[in-house]
Amino acid sequence: MELSKNYIPGEVEAKWYQHWIDQGYFHSEPNNKPAYTVVIPPPNVTGVLHMGHCLNNTIQDILVRRARMQGMNPCWVPGTDHASIATEAKVVAMLRERGIAKSSLSRDEFLEYAWEWKEKYGGIILQQLRKMGCSLDWDRTSFTMDPDYYETVIKVFVDLYNKGKIYRGKRMINWDVRAKTALSDEEVIHKEVNGKMYHIRYKLDVPGEEYITIATVRPETIFGDTAICVHPKDDRYKHLVGSHAFVPMINRRIPIIADDYIEMEFGTGALKVTPAHDINDFNLGQKHGLEVIETLNEDGTMNEEAPMYVGKDRIEVRKIIAADLEASGNLVKLEDYVNQVGFSERTDAVVEPRLSLQWWVDMKQLAGPALEAVMSDEIQFHPAKFKNVYRHWMDNIKDWCISRQLWWGHRIPAWYDADGNVYVAENQAGVNEKYPETQGKTLTQDSDCLDTWFSSWLWPIEVFKGMSNPNNAEINYYYPTSTLVTAPEIIFFWVARMIMAGEEYMGKIPFKDVYFTGIVRDKQGRKMSKSLGNSPDLLGLIDQYGADAVRFGIMIASPAGNDLLFDESTLEQGRNFNSKLWNAAKLLKMWEPRVSKEGKVEQDAAFAMDWFQAKLSATQIEVDSMLKEFRLSEALKTIYGLIWDDYCSWYLEWIKPGFEQPIHADVYNKSIEFYDSLLQLLHPFMPFITEELHHALKPQTQDLCIKEYEAIGKVDEAVLNAGALLKNVISTLRDARNKNQVKPKDAIQLHIQSKNNIAYQTIQNILAKQVNAKSVAYTSTSIGSSIVVALEKDKFYLVADQAIDTASLKENLLKDLEHQRGFLASVEKKLSNEKFVQNAKPEIIAIEQKKKSDALARIETIEESLAQL
RNA sequence: GGGAGCAUAGCUCAGUUGGUUCAGAGCAUCUCGUUUACACCGAGAGGGUCCGCGGUUCGAGCCCGUGUGCUCCCA
């Protein structure tokens, strides 16, 4: 097979992906091999591929491909999440474009549109993952609203309700005024916002006193005030406790109360209490039995409690109320103030605390075993630092608000009779059966949906139908899954809750290892975001550089446990690596016609092969242990170095035949074999080019994708060291040539003075070739008019045709001598320190003694050389 | 306010129970080079007060305390 001048990724990638699919390599069925199960963190069905997905899925693919080549039975399950808020928002927007208002539709009509949208546009991201080479088992593609999955979610709700772990309660929740739904705490993003602090005075209903001034950042909430609260020890206000004040503009009379919750230093020390619109105020109100007055409609506009602003948005009212308060003389002061404001993760609307009747999961009951599983390392977190984060959250866990005022999702299986009694069962027939008193009554089902995460926490179980078809062969084989790869941002949303669900419904943890990726940032360390416009177009990058290069670039820049700063230059590095791989293969193929079986393998080539074999084995072992510890980026760097430096720059140069000279068949075949092993080692990271080259090297009986790793050979340390010495000698001699300005083309005569000539004779040809020496000779005395190089205990004399700069040579030797003497002094000082000799371990002392004798020998060599100059 | 983490070369990071000539790698920079695998290249080089201060130790990049700067999570 002839190789083209350059590697062209596009065609190769499409060809091999299709081939792998056609061969069914990615499909898994339970068998007698060990399972290696990974479930994809299901992207939103509305999602498109971004850098975060690219990183996350590349990592999963590396783990899965490696497991496949290790002879395991990997199963990587794809799928999507119905993403209730995000999808409903998309559908509402689509309807608006068509001139249809959601409010004009019935629930069923709306859902019909939603499914139509999902079938048409949903799951684009799954197509995009194919481009990246992800070896997902597409036959298992799942969706959190598949019929079985849907039923399972409902069953879980009913079950937890029956166990008393789900309840309905009126609580303060986070209200998204745009989506008109409740949000869980985790769906609220806190951001710093520049706002104003309004100082507003309330007229007192006290003889002889006029006003009390409060400070607030949300002046529009005054209509919901039902008290003013001060600290009981605050001398400024003590005497007012128990009396009353009037809310400005509406003149409602409210009590002044005292509570040590108040921070005297904050604002004016007097707090307006609005139980309906602030969680702290609500708690205070509960404690003091205050009235709760709601002033907002569900869309965030003011209701009739704020008579002058009815129907106006609360943010708008905040702006105009200042002027109105000012006009009435009640605005005392206005100052700039930076405060934390909650925004909806999905719609970016400012979240309003709102009192509302919602469904809740009692988390305290579920948290115990889930915490234990992680703290005991039954589930291992990588990096382990996230254990602390996890524990902290679990220790302070709050109940989970699971109802959402949306239509797209799993509808809450609760029914109400005319008197407002609640009945929970899987369906209405179930209600009638379970609660006979409901028979014949008109029941209406709760119109709300469940939080999306209430379905995704069952993902590792239900993708194998572990609940809809308990104890089936698949769930028993694939569960618990092996490794979960996900972003640290969803450790609470998803990871913690999956562990809870696993413990609750399988009695087993859902996965053994959790690998948390970093967050993808831009070069300047900023998060990728739409508004900054710093998210690159991933498919464009794949077109430009090739999928392998993109995978390489993103992995080489991903230190374990850290965020990664994305820089397109690493993609270039990946593309260059593609070229290097391609060219090395071209070189090998170039030799093919000149393969000869005559004679024996020369001892230089034999050495090179022994050395590379040792190097390869050593690196395979190293990579293995790195991957076990999830140090993927380091493993890739190591492989990159092995291929580029050790194989291409050293090994191939060592065995390269002279121009148009034959190459011995044993050497050629061994070199092909080595290269194939390198491709195999690299395959999980860069699947396409490695598969292509695997087949280009020679006719193969098997695709690389499913070729199993062979047992790693023993490492010959002596050969490894000999190779390291050889490299060191070559580099040092090249440096000497460079420093003495010997032209690369000018051949030198090399004289070696060593007590171990045989070692050099074995590799003499390599040495001559690599330092451009026309002759190599051995000497027991020094050689005049030469460049002298001392290395270890040996000396090398380079005789060049041109004159030598003895001055600079001398300078270098003197510099070296000084360094060696300083080093010797420090070693001797250490060895003469009694405490060191007494306390240090014997092997450490032995090392110090060797250092001393080595240094002495070096000094002697340098001094001899200097004497000759 | 509570919690977690980070600080090593221009940049991104390794540095595994404190002890090899330990101060490292990749990228970037500089010098030289176009000898048919590769300029998307080759050969070399330079570059760091291991954030400051104090302590433990025969010995500290590594352990302890403290200060400073930064990041993230939660409230």
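Note: hydrogens, waters and symmetry copies are ignored here, and every other heavy atom, side chains too, is used. Residue numbering restarts at 1 for every chain, and letters A, B, ... go by the order of the sequence lines.
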Length of the [atom1]-[atom2] vector between [X] and [N], whole Å:
| X | N | atom1 | atom2 | answer |
| --- | --- | --- | --- | --- |
| Tyr7(A) | rA37(B) | OH | P | 22 Å |
| Lys656(A) | rC41(B) | NZ | C1' | 11 Å |
| Ile491(A) | rG3(B) | CD1 | C1' | 13 Å |
| Gln770(A) | rG33(B) | CD | P | 20 Å |
| Ile672(A) | rA37(B) | CD1 | P | 15 Å |
| Phe343(A) | rA75(B) | CZ | C1' | 17 Å |

Original post:
Within a radius of less than 6.0 Å around CD of Glu629(A), do more than 12 heavy atoms belonging to other residues, nucleotides or ligands occur?
Top reply: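 Above 12, so yes.
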
Original post:
What heavy-atom pair brings Ile519(A) and Glu489(A) nearest, and what distance separates the two atoms?
Top reply: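 Heavy atoms only, the tightest pair is CD1-OE2, 4.2 Å.
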
Subject >> Closest approach of Ala496(A) to Ala370(A) (non-hydrogen atoms, all atoms of both residues) >> reply: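 That would be O-CB, 4.5 Å.
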
Check the phosphate of [N] against [X], side-chain N and O only, distance under 4.0 Å to OP1 or OP2. Yes or no?
| X | N | value |
| --- | --- | --- |
| Trp644(A) | rG42(B) | yes |
| Ser579(A) | rC41(B) | no |
| Asn576(A) | rC41(B) | yes |

Rounding to the closest angstrom, what is the interatomic distance between [N] and [M] at atom [atom1]?
| N | M | atom1 | value |
| --- | --- | --- | --- |
| rG52(B) | rG69(B) | P | 15 Å |
| rU68(B) | rC51(B) | C1' | 8 Å |
| rU56(B) | rU29(B) | C1' | 41 Å |

Got a list of protein N/O to nucleotides 23-32 of chain B N/O distances below 3.5 Å?
from    : atom 1 : to        : atom 2 : distance (Å)
rG26(B) : O2'    : Gln573(A) : NE2    : 3.4

Subject >> Cation over ring face, Lys387(A) and Phe381(A), 6.0 Å, 45° >> reply: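 Judged by the rule, Lys387(A) and Phe381(A) form no cation-pi pair.
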
Original post:
Relative to the 5' end of RNA chain B, which residue comes earlier, Ile519(A) or Glu653(A), by the nucleotide with the nearest heavy atom?
Top reply: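 Final value for this comparison: Glu653(A).
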
**OP:** Please figure out whether Ala584(A) or Leu564(A) has its closest RNA chain B nucleotide nearer the 5' end.
**Re:**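 It is Leu564(A), whose closest nucleotide lies nearer the 5' terminus.
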
Subject >> Near-ring test Trp393(A)/Phe492(A), centroid separation under 6.0 angstrom >> reply: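 Between Phe492(A) and Trp393(A), the centre distance is under 6.0 Å.
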
**OP:** Have a look at Leu588(A) and tell me which of Leu3(A), Ile663(A), Leu697(A) forms a side-chain contact (heavy atoms from CB on, under 4.5 Å) with it.
**Re:**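 With Leu588(A) as partner, side-chain contact (heavy atoms from CB on, under 4.5 Å) holds for just one option, Leu697(A).
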
Subject >> Qualifying residue, where the test is side-chain contact (heavy atoms from CB on, under 4.5 Å) with Leu678(A) and the options are Leu693(A), Ile639(A), Ile643(A) >> reply: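 Among Leu693(A), Ile639(A), Ile643(A), the one that satisfies the side-chain contact (heavy atoms from CB on, under 4.5 Å) with Leu678(A) is Ile643(A).
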
Original post:
Looking at the side chain of Arg521(A), which of rA4(B), rC72(B), rC38(B) is the nearest nucleotide?
Top reply: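 Of the candidates, rC72(B) comes closest.
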
Original post:
Aromatic rings Tyr640(A) and Phe577(A): how do their planes relate, parallel, tilted or perpendicular, breaks at 30° and 60°?
Top reply: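 The rings of Tyr640(A) and Phe577(A) stand perpendicular, inter-plane angle above 60°.
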
Original post:
Hey, what's the ring geometry for Tyr651(A) with Tyr647(A), parallel, tilted or perpendicular (30° and 60° as the breaks)?
Top reply: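 Geometry flag for Tyr647(A) against Tyr651(A): parallel rings.
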
Could you go through nucleotides 55-62 of chain B and list every protein N or O atom that sits under 3.5 Å from one of its N or O atoms, giving the distance for each pair?
from    : atom 1 : to        : atom 2 : distance (Å)
rC58(B) : O2'    : Asn833(A) : ND2    : 2.8

